[in-house]
Amino acid sequence: LLSNLEDELNNKEKKIEAEKDDELWKTACLQNTYESYLNYISLYANGRHTADAKEKAREVELFEWNKAQESNSVASYTLFRNNCPKSELVREANNRIEIIVEEDDWKIARLSNTYASYKDYLRKHPYSKYSRDAAEKRDYLLRIETESKEWNNALTFNTIIAFKNFISSFPNSVHVR
């Protein structure tokens with residue numbers, strides 16, 4: 001009699017566990033997110049739907065990744081990272097975000113074409129593929145700005161010494177003839 005009761009209790013526990021398994025699986029399917037399937041897998045590693053959950057998680061992950069690649073923007077890769085934070089593709093998403101940001105910052109620096117814009121670019125991306133060009137442009141613009149200030153100082157003081165100092169500092173200036 002005791003053995004029958006234990007068997008009956010065991011069967012009821014298994015039935016309740018199977019119902020919980022099925023309920024969580026249904027919830028995961030309704031949510032249809034990478035995280036919902038991973039949640040199911042974490043709670044039911046040997047569950048009735050584990051293989052399906054792994055397959056669905058991969059499908060959602062690839063769908064999200066393809067969407068991110070299509071848009072190829074910081075926002076799309078950030079959304080991918082948020083939707084699939086445990087994906088092996090998160091590292092690649094981070095790399096692509098860095099590339100996009102670097103390219104955008106380079107465009108801004110070139111469009112602004114000022115000493116400050118190149119200096120800012122180099123502060124953010126000291127080892128980028130554009131860092132050498134940025135440093136050259138920054139240094140050139142600094143020379144131009146310095147020369148312009150010194151020329152204006154010479155004009156302001158309007159003395160022979162001021163002009164001689166300017167010429168000795170900037171012998172190849174357009175202001176020297």
Side-chain angles (χ1 to χ4, degrees), residues 1-139 141:
L1 180 67
L2 186 59
S3 176
N4 286 344
L5 286 173
E6 284 176 348
D7 287 345
E8 192 176 319
L9 184 60
N10 250 352
N11 288 339
K12 282 186 181 186
E13 286 175 353
K14 285 180 183 176
K15 184 178 179 186
I16 290 170
E17 194 60 30
E19 287 172 0
K20 286 181 183 177
D21 181 320
D22 289 341
E23 273 306 306
L24 188 58
W25 173 244
K26 286 177 190 174
T27 301
C29 290
L30 284 172
Q31 292 174 350
N32 196 34
T33 65
Y34 180 78
E35 283 294 307
S36 68
Y37 294 120
L38 289 188
N39 182 50
Y40 173 86
I41 294 166
S42 73
L43 293 173
Y44 291 98
N46 298 314
R48 296 159 33 129
H49 309 283
T50 302
D52 291 336
K54 288 178 181 178
E55 184 179 326
K56 293 295 276 179
R58 185 68 179 152
E59 285 175 14
V60 170
E61 176 188 31
L62 291 176
F63 176 77
E64 295 289 338
W65 180 248
N66 288 334
K67 278 190 343 189
Q69 285 184 301
E70 256 181 50
S71 295
N72 196 37
S73 66
V74 171
S76 67
Y77 289 115
T78 300
L79 184 61
F80 174 81
R81 285 188 324 195
N82 292 341
N83 289 343
C84 303
K86 294 180 180 129
S87 169
E88 292 177 7
L89 294 169
V90 166
R91 174 179 267 146
E92 181 62 23
N94 289 336
N95 290 339
R96 294 195 183 187
I97 287 170
E98 286 179 28
I99 290 167
I100 292 167
V101 168
E102 182 181 311
E103 291 291 331
D104 288 349
D105 287 347
W106 179 239
K107 286 176 191 170
I108 290 167
R110 284 185 17 236
L111 286 171
S112 299
N113 198 33
T114 63
Y115 167 79
S117 67
Y118 291 114
K119 182 180 175 183
D120 186 51
Y121 177 83
L122 286 167
R123 180 184 56 76
K124 292 176 183 174
H125 311 284
Y127 305 108
S128 79
K129 65 182 179 181
Y130 303 116
S131 60
R132 184 176 179 178
D133 287 344
E136 288 173 4
K137 290 181 180 290
R138 178 204 58 203
D139 295 347
L141 290 169

Peer 1: Under the side chain to side chain contact (heavy atoms under 4.5 Å, CB included) rule, what do Y118 and R110 come out as? Steps first, then yes or no, please.
Peer 2: CA-CA 8 Å; Y118 291 114; R110 284 185 17 236; 4.0 Å; yes
Peer 1: Do E23 and E19 touch side chain to side chain, with heavy atoms closer than 4.5 Å?
Peer 2: no
Peer 1: Do W106 and K129 have side chains that approach each other closer than 4.5 Å (heavy atoms only, starting at C-beta)?
Peer 2: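 A side-chain contact under 4.5 Å is absent here.
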Peer 1: Would you call K26-D22 a salt bridge at under 4.0 Å N-O?
Peer 2: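 Salt bridge between K26 and D22, a charged N being under 4.0 Å from a carboxylate O: no.
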Peer 1: Identify the two heavy atoms, one from R48 and one from Y40, that lie closest to each other, and give their separation to 0.1 Å.
Peer 2: N-OH, 3.4 Å
Peer 1: For a quick test of reading the model, state the closest non-hydrogen atom pair linking Y121 to A134 and the distance between them.
Peer 2: CD2-CB, 3.8 Å
Peer 1: May I have the step-by-step check of side-chain hydrogen bond (donor to acceptor under 3.5 Å, both in side chains) for Y37 and N32, ending in yes or no?
Peer 2: CA-CA 7 Å; Y37 294 120; N32 196 34; 2.8 Å; yes
Peer 1: With a 4.5 Å cut-off on side-chain heavy atoms, are L43 and K20 touching?
Peer 2: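 Not in contact.
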Peer 1: With no hydrogens and no angle check, do the side chains of Y77 and N94 hold a donor and an acceptor under 3.5 Å apart?
Peer 2: no
Peer 1: Which heavy atom of L38 sits nearest a heavy atom of A57, and at what distance?
Peer 2: CD2-CB, 4.4 Å
Peer 1: Return the minimal non-hydrogen interatomic distance between I41 and A53, and the atom names on each side.
Peer 2: CG1-CB, 3.6 Å
Peer 1: So, applying side chain to side chain donor-acceptor pair (under 3.5 Å) with Y130, which one of E103, K137, E102 is it?
Peer 2: E103
Peer 1: What do you reckon, is CD of E13 surrounded by more than 12 foreign heavy atoms closer than 6.0 Å?
Peer 2: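 It does: E13 CD has more than 12 such atoms within range.
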Peer 1: Is there side-chain contact between V60 and N83, with heavy atoms separated by less than 4.5 Å?
Peer 2: no
Peer 1: About how many Å separate OG of S71 and CZ of F80, when rounded to the nearest 0.5 Å?
Peer 2: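 So the CZ of F80 and the OG of S71 are separated by 13.0 Å.
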Peer 1: Within this structure, what is the CH2-NZ distance for the pair W25 and K56, rounded to the nearest 0.5 Å?
Peer 2: 7.0 Å
Peer 1: What are the two closest non-hydrogen atoms of S131 and H125, and how far apart are they?
Peer 2: CB-O, 3.9 Å
Peer 1: Looking at CG of L24 and CG of N39, how far apart are the two atoms once the value is rounded to the nearest 0.5 Å?
Peer 2: 5.5 Å
Peer 1: Under the 3.5 angstrom rule, does the side chain of S117 hit a backbone N or O of I108 as a donor-acceptor pair?
Peer 2: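 A pair under 3.5 Å: no.
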Peer 1: side-chain contact (heavy atoms from CB on, under 4.5 Å) with W65: which of E61, K67, Q69?
Peer 2: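 Running side-chain contact (heavy atoms from CB on, under 4.5 Å) over E61, K67, Q69 with W65 returns exactly one hit, Q69.
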Peer 1: Surrounding CG of N10 (heavy atoms of other residues, nucleotides or ligands, distance under 6.0 Å), is the total greater than 12?
Peer 2: yes
Peer 1: Supply the atom-to-atom distance I99 CD1 to S128 OG, rounded to the nearest 0.5 angstrom.
Peer 2: 11.5 Å
Peer 1: Let me confirm one number: the OG-CG distance from S112 to D120, rounded to the nearest 0.5 Å.
Peer 2: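 Answer rounded to 0.5 Å: 9.0 Å.
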Peer 1: At what distance, to the nearest 0.5 angstrom, does CG of D21 lie from NE2 of H49?
Peer 2: 5.0 Å
